[in-house]
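As the structure is a computational prediction, the values presented were derived from the model and not from experiment. Each chain gets a letter, A, B and so on, in the order the sequences are listed, and its residues count up from 1.
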Protein chains: 4
Amino acid sequence: MSDGTTGTATGARAPRRMRTDARRNVESLLEAAKTVFATSGVDVPAKEITDLAGVGVGTLYRHFPQRSDLIKAVIEREIDACADAAPALAAEHKPGIALARWLDRLAAFVATKRGFAAALHSGDPAFDGLSGYLMEKLGPALGSLLDTATAAGEIRAEVSPQDLLYAVAKLCAPLPDEEPDYGRRMVALLVDGLRPADSSADLPFAR
Amino acid sequence: MSDGTTGTATGARAPRRMRTDARRNVESLLEAAKTVFATSGVDVPAKEITDLAGVGVGTLYRHFPQRSDLIKAVIEREIDACADAAPALAAEHKPGIALARWLDRLAAFVATKRGFAAALHSGDPAFDGLSGYLMEKLGPALGSLLDTATAAGEIRAEVSPQDLLYAVAKLCAPLPDEEPDYGRRMVALLVDGLRPADSSADLPFAR
Amino acid sequence: MSDGTTGTATGARAPRRMRTDARRNVESLLEAAKTVFATSGVDVPAKEITDLAGVGVGTLYRHFPQRSDLIKAVIEREIDACADAAPALAAEHKPGIALARWLDRLAAFVATKRGFAAALHSGDPAFDGLSGYLMEKLGPALGSLLDTATAAGEIRAEVSPQDLLYAVAKLCAPLPDEEPDYGRRMVALLVDGLRPADSSADLPFAR
Amino acid sequence: MSDGTTGTATGARAPRRMRTDARRNVESLLEAAKTVFATSGVDVPAKEITDLAGVGVGTLYRHFPQRSDLIKAVIEREIDACADAAPALAAEHKPGIALARWLDRLAAFVATKRGFAAALHSGDPAFDGLSGYLMEKLGPALGSLLDTATAAGEIRAEVSPQDLLYAVAKLCAPLPDEEPDYGRRMVALLVDGLRPADSSADLPFAR
DNA sequence: AATGAATGAGACTTCATTCAT
DNA sequence: GATGAATGAAGTCTCATTCAT
C-alpha cells in the first residue's frame, strides 16, 4: 500500500492501470471508512460508508469483495503511514525524544480504531494476515528506534518491539468517557520502567 | 449479586422469594452466558445461550428483558467474586504477593471477557452503569492492597487504583494467537516500574 | 349473565356454587377488562388485564379459557345492562324522550368499545355468537321503544330495530380526536329523518 | 400519488426516475397489500403481502420502511382515486344522482378497508396525517357535489362534508355476515333526511 | 383455586451480498 | 465500471397459553 501508483485495492494483483474514476472511488471509500470507523467502529453498516463516500454499495463490493478487505486496507494504509514516520523522527530528534514521539503517533492511530481490536479478536480468518502485517511493518520501525535509544543509554533493552507494540495498541484503545490522556500516560509509565536507574532526568516521559 | 440467597436477576428489587426452579434457571442462564461469552464474545445470539442453559428464549427475556441486562449480570457477578477475593489474599500473603496474586486474578477474569471492552465501547446507554460499578467494587479492593504494599515499602504510591485497574483490563484483554502469558508479563512490567529503587529483589514480579 | 347468582364465567354450565374468592376474581377480571378495553382496545396483552385485576394470568385462563371468552363476557354483561335500562326509561318518560335517552345510553356503551367492532370483524369463530346475542337482547328492547314511539305518532315505522342498532354501533364507535358529540349528532340526524312530516316540533332530536 | 408517472412510494421526494423493476415491485406490493387488507385486515403479517406480491420482505421494507407507510400508501392511493372520480360524475349526471353515485363509490372503497378504522384508532403517530389527508382530498370533492345539489334545490344544506364523510366511512365499514347493502341503505336514509320537504320524488335515494 | 414461570412460535426489522440495469 | 434494488437469513423480542408449585 505504500506504493501509491500501481497497487490495487485488493492486493496489488492486477497489472492493468486503474481507471481514474475507479481510483478516485477507492480513495473516497478508504477515506470514508477511516472516518466512519473512528466514529462508530468497524461494525457500521456498509451503507453508511458508501453514503459518505458518495458511491453505490456495488462499488464498495467491487473493490473490496469481503468486508474485511476494506478494514484491512484502511488499517494497512495507516500502518504504512505510521511506519513511514519513524525515519524522519529519528533524523530530527534525540533518540529518547524520537521514540516518545513515535509512540505518541502510534497511540493516536490506535485511538481512532474503535472496534479494531474486536475485529482482530473475532477469529475471522479474514484478519489472519493483519496482525502479521502490523508486526512486519511496525516491528522494524519501532525496533530501530529502540535500538538507537538503547545504544544511547537512554533505555534498558528489556522489551521486545512486539511486546511494546501490542501494549501500546491495547492501552491506547479508547474507552468511552475515558480521560483522553490515559493511554499516553500509561505508555509513559511503562516505558519509564525501562529507563536506566540513574538517567530518569533525561527521559521525555512524564514521571 | 454478592448475596447469594436473596438477590433477583434484575437487581434485587422483589421482596418475594424466588421460586426454586426460577432461581435454577437464572443460575443456568448466567453460567451458560459466562461460558458462551468466553468462547464467542458477548455478541452471540441469544439462542445459543438458552440452548446451552436448557431453557426457552422466553425464560431468558423474562429474567433479562434487555440483552444488556444479561451481560451486566454476568460481569457484575464476576466483578463481585473478584472483589471478594481481595481480603483473603491480604490475610494469607505478604503485601507484595497479595497484590500480585490479586492482579493475576483480575487478569484471568478479564481474559475470559472477549467483547466486553467492545460492549463498554458501544455507547449503548444500557452499559452506562457498568463502568461505575466496576470502579466502585474493584477500586477499593485494589486500593487497599496498594495501600498496604505502599505502607510496607514494597511499592511507590504513584498510580491510582483506577489507572491500574484499567491498565490491567486493557492489557489482559485477549487477542487471538496471543502468547497466553502476555497480559501478565506486561502488568508485571508496569508494576515493576513502581518498585522503590532499591527493593526490586523483594518484588514478586518477574523482571 | 343477567342472573347474578348462579352463572359461571364461561357460560352457566357448572351446577356447583362458585367459591367466594373465585367469584371475586371473576368480578375483578371483568371490571379490569372493561377498563382496559376502553383505554387500549380489546387487543391488549393479557398481562395488562391481570395486573389491573390483581390476579395471576393463570386465573384469567381458568375462568376464560379463550381470550375471546373474556371479551364476550365483558360485552354481554354490558349488553345486559343496556337492555335492562329500557323498561325504566319507558316508564319514566314520554315515548320520544325514552327512545332518545336509550339511544344515548347505547351510544355511550359503544363509545367505550375500541376495537370491539374489529373483534367482530375478525372472522374468529369465537365471536360468532356475540352478534346474535346482541340482537337477541337489544333488539326487543329497542323494538319496544320504537313501537311505543310509533304508536304515539312520534316516529314513522321505517327502520327495523336491527338496522338502527347497527347504525348506532357504527356511528358511535369512537375515532381518535373525534368531536365527542359526533356519534350522537349523527344518530339524531338519522332518527330525525324518521319523524312524521308535520311533527318535528315534538321530537327531542336536534334539527 | 395522484400522478401516476413520477411519484415514489415514500412521498415523491426523489427527483431521479425510479427503475422500472423497482416501480413494478412497488406496484405489486400496493396491489397485494390492497387485496390482503381487504381480506384479512391491515394487521396481516408482512410475509403474507410479500408472498402475494412475489417479492422478498427486504423489498417491502426498502420501499415502505414502516409498516404504516404501506398502509398509508394504499389508502392514500384509493382516496385519490375516489376524489378524482367526482368531477366526471358531476359532469355526467344530475346533481342528486351524481352525489348518490359518488357516495356509493366512497362506500365501496370503505367496504374493502377492514381494520382501517382500527388503524386510525391506534393512536400510532404514524397515522397522524392520514385523517387530515382524507379530509383534504375528499372534503372538497364531496363539498362541491353537495353545493351543486343544494343549489339545485335537491338537498337542504345541513350537514358539513366532514360529517357526511365520516358517517359514510363508519356506516359502510363492513361487519361479517352483514347484509351487503346495509351501509348503502343507511347512507341513503341519512341523506334522505336532508331532502327538502316537498321534493322527495326527485331524489334518487330509496325511501 | 391461584399463581406466575416457562415455553416457543412468529412478528418485525436489519444488512451483507448479489445482480439486473 | 457504477449503481442501487432485491434478496432472505438471522437476530431480537413479544405474548398467548400451559403447567409446575
Let me know the distance between CD of C/Gln66 and P of F/dT18, rounded to the nearest Å. 8 Å
C/Val55 has its side chain closest, among F/dA2, E/dT13, E/dT3, to E/dT3
If you take all heavy atoms of C/Gly56 and C/Thr50, which pair is closest and at what distance? O-CG2, 3.9 Å
Nearest-nucleotide wise, let me know which of B/Arg67 and D/Gly56 is further upstream toward the 5' end of DNA chain F. D/Gly56
C/Tyr61 OH to E/dT3 C1', straight-line distance once rounded to whole Å: 15 Å
B/Phe64/B/Val74 under side-chain contact (heavy atoms from CB on, under 4.5 Å): CA gap, chis, key distance, verdict: CA-CA 11 Å; B/Phe64 307 97; B/Val74 170; over 6 Å; no
When rounded to whole Å, the CZ to C1' distance for the pair B/Arg23 and F/dA20 reads 17 Å
Can you work out whether B/Val44 or C/Gly58 has the more 5'-proximal nearest nucleotide on DNA chain F? B/Val44
When rounded to whole Å, the CG to P distance for the pair D/Asp21 and F/dT7 reads 9 Å
Give none if F/dT14 has no partner; otherwise give the nucleotide forming a Watson-Crick or G-U wobble pair with it, both distances under 3.5 Å. E/dA9
Output yes when at least one side-chain N/O atom of A/His63 is less than 4.0 Å from OP1 or OP2 of F/dG1, else no. no
How close or far is atom P of E/dT14 from atom CZ of D/Phe64, stated in whole angstroms? 16 Å
Whole angstrom is fine here: how far is it from CG in D/Asn25 over to P in E/dT21? 11 Å
Between A/Ala46 and D/Pro45, which is nearer to the 5' end of DNA chain E once each is assigned its nearest nucleotide? D/Pro45
Least distance between heavy atoms, B/Val42 atom then B/Phe37 atom: CA-CD2, 3.7 Å
Atom of A/Leu29, atom of A/Leu60 and distance for their closest heavy-atom approach: CD1-CA, 3.8 Å
Under 4.0 angstrom between D/Arg62 side-chain N/O and F/dG4 OP1 or OP2: no
So which nucleotide does E/dT21 pair with, by the Watson-Crick or G-U wobble rule with both distances under 3.5 Å? F/dA2
For E/dA5, take OP1 and OP2 only and decide whether either is under 4.0 Å from a side-chain N or O of B/Thr59. no
List the steps, then state whether side-chain contact (heavy atoms from CB on, under 4.5 Å) holds for D/Leu52 with D/Glu48. CA-CA 6 Å; D/Leu52 181 59; D/Glu48 218 160 290; over 6 Å; no
Starting at CG of D/Asp43 and ending at P of E/dC12, how long is that distance when rounded to a whole Å? 9 Å
Rounded to whole angstrom units, what separation is found between the CG atom of B/Leu60 and the C1' atom of E/dA5? 14 Å
